[in-house]
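Fair warning: this is a prediction, and the values are worked out from it, not measured in the lab. Every chain is numbered from 1, with letters handed out A, B, ... down the list of sequences.
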Amino acid sequence: MEDDDASTIFGAVHNPVYRANEVAVPGGARSHFEGPSDNESGRERQLVQERVAFKTKSQIEILDDGFKWRKYGKKMVKSSPNPRNYYKCSVDGCPVKKRVERDRDDPGYVITTYEGVHTHKSNS
DNA sequence: CGGATTTGACCTGCGC
DNA sequence: GCGCAGGTCAAATCCG
C-alpha cells in the first residue's frame with residue numbers, strides 16, 4: 001500500500017525536492033512502550049510518538065514539504081559541530097514537530113526528523 | 001498589522 | 001548532590 005513513497009507520512013506528494021534524493025533511514029515508527037514500572041514516578045509523559053528521520057541532500061535546512069514550520073529553538077549538540085534547529089507546525093491542531101540537523105559526515109546533507117503526524121491536510 | 005524569526009535563559013531527566 | 005545534555009519557551013525584532 002505505501003508503495004507511493006515516503007511522503008506518505010507527510011501527506012504532501014507534490015514535492016520533488018524530497019523524492020529528489022531521500023535516503024530512507026529509520027525503521028518507521030518507534031514504539032516506546034513502558035514495560036516494567038507500572039507507574040511513572042509522579043508524572044505521566046507522552047507515550048508512543050511517530051518518529052521519522054530523513055536524510056536529504058540539501059544545503060538548506062528549510063525544506064518546504066507543503067507545511068508551515070515555525071522555528072522555536074536552536075541548540076548545539078556535541079555529536080555535531082553544527083547547531084540543531086527545532087521547528088514546529090504552525091497549523092492549529094497540528095502537534096507535529098520537526099528537528100533539523102546537518103550531517104556530521106556529510107555537510108552537504110541534512111537530517112530531518114519528523115515527530116508526530118499531521119492532523120490537518122496539507123493538500124487543499 | 002500579523003506572523004515569523006532570533007538568541008538566551010530556564011527546566012527537566014539522568015548519570016556518576 | 002552536582003553536572004551535563006537536551007529540549008522548550010519567552011521577549012524583542014524584522015519582514016511582507
Side-chain angles (χ1 to χ4, degrees):
Chain A
M1 319 299 206
E2 50 274 8
D3 49 12
D4 255 336
D5 53 43
S7 309
T8 301
I9 165 145
F10 304 125
V13 201
H14 33 359
N15 223 338
V17 62
Y18 264 156
R19 6 187 25 339
N21 28 287
E22 67 334 63
V23 227
V25 179
R30 220 165 215 223
S31 306
H32 226 232
F33 241 113
E34 293 279 301
S37 282
D38 43 50
N39 180 342
E40 291 91 39
S41 307
R43 204 155 279 219
E44 49 184 287
R45 56 181 86 277
Q46 233 107 7
L47 234 59
V48 53
Q49 198 125 88
E50 195 137 21
R51 181 188 283 176
V52 194
F54 282 96
K55 191 161 94 186
T56 315
K57 183 184 191 292
S58 189
Q59 244 177 320
I60 48 180
E61 51 282 282
I62 314 275
L63 296 163
D64 194 73
D65 55 3
F67 298 113
K68 240 60 218 186
W69 300 95
R70 160 193 167 241
K71 190 197 271 170
Y72 75 88
K74 178 169 53 182
K75 204 48 193 259
M76 244 173 180
V77 286
K78 282 172 94 188
S79 297
S80 187
N82 304 303
R84 185 181 268 167
N85 297 300
Y86 295 90
Y87 290 88
K88 203 222 163 195
C89 195
S90 61
V91 181
D92 176 71
C94 223
V96 184
K97 289 194 291 215
K98 182 163 98 186
R99 182 177 315 163
V100 179
E101 184 191 356
R102 236 186 266 293
D103 193 298
R104 210 224 185 255
D105 288 307
D106 297 291
Y109 281 78
V110 246
I111 305 206
T112 312
T113 309
Y114 287 84
E115 253 179 47
V117 291
H118 289 286
T119 64
H120 67 100
K121 357 171 138 66
S122 57
N123 215 20
S124 315

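- A residue-by-residue look at Y87(A) and G73(A) shows that Y87(A) has its nearest nucleotide of DNA chain B further toward the 5' end.
- Taking side-chain N and O atoms only, R70(A) has no distance below 4.0 Å to OP1 or OP2 of dT6(B).
- If you take CZ of R84(A) and C1' of dG6(C), they are 8 Å apart, rounded to a whole angstrom.
- At whole-Å resolution of the value, OH in Y86(A) and P in dT8(C) are 7 Å apart.
- Using a 4.0 Å heavy-atom criterion, one finds that K97(A) contacts the sugar-phosphate atoms exclusively.
- Rounding to whole angstrom units, NZ of residue K75(A) and C1' of dC11(B) are separated by 10 Å.
- K71(A) has its NZ atom 16 Å from the P atom of dG7(C), to the nearest Å.
- No side-chain heavy atom of K98(A) sits under 4.5 Å from any side-chain heavy atom of C89(A).
- Distance NZ (K88(A)) to C1' (dT5(B)): 16 Å, rounded to an integer number of Å.
- For Y72(A), the side-chain atoms get nearest to dT8(C) when compared with the rest of dT8(C), dT5(B), dG7(C).
- The distance from the OH atom of Y87(A) to the OH atom of Y114(A) is 10.5 Å, given to the nearest 0.5 Å.
- Residue S90(A) places at least one side-chain N or O closer than 4.0 Å to OP1 or OP2 of dA4(B).
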Exercise for the section: Just do the side chain to side chain contact (heavy atoms under 4.5 Å, CB included) check on I62(A) and W69(A) with the steps written out, would you? Expected result: CA-CA 9 Å; I62(A) 314 275; W69(A) 300 95; over 6 Å; no
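- Both F67(A) and V110(A) are part of a single hydrophobic cluster, where members link through side-chain heavy atoms under 4.5 Å apart.
- Between Y72(A) and Y86(A), the angle of the ring planes lies from 30° to 60°, which puts this pair in the tilted group.
- Inter-residue side-chain proximity for N82(A) and E101(A) is flagged as unmet; no heavy-atom pair is nearer than 4.5 Å.
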So which protein N/O to nucleotides 2-5 of chain C N/O distances come out below 3.5 Å?
unit_1: dA5(C); atom_1: OP1; unit_2: K78(A); atom_2: NZ; d: 2.4

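- Among dT7(B), dT6(B), dG7(C), the nucleotide with an atom closest to any side-chain atom of K74(A) is dT7(B).
- Taking atom CE of M76(A) as the reference point, atom P of dG7(C) lies 15 Å away to the nearest angstrom.
- D103(A) places a side-chain N or O within 3.5 Å of a backbone atom of D105(A) that can act as its donor or acceptor partner.
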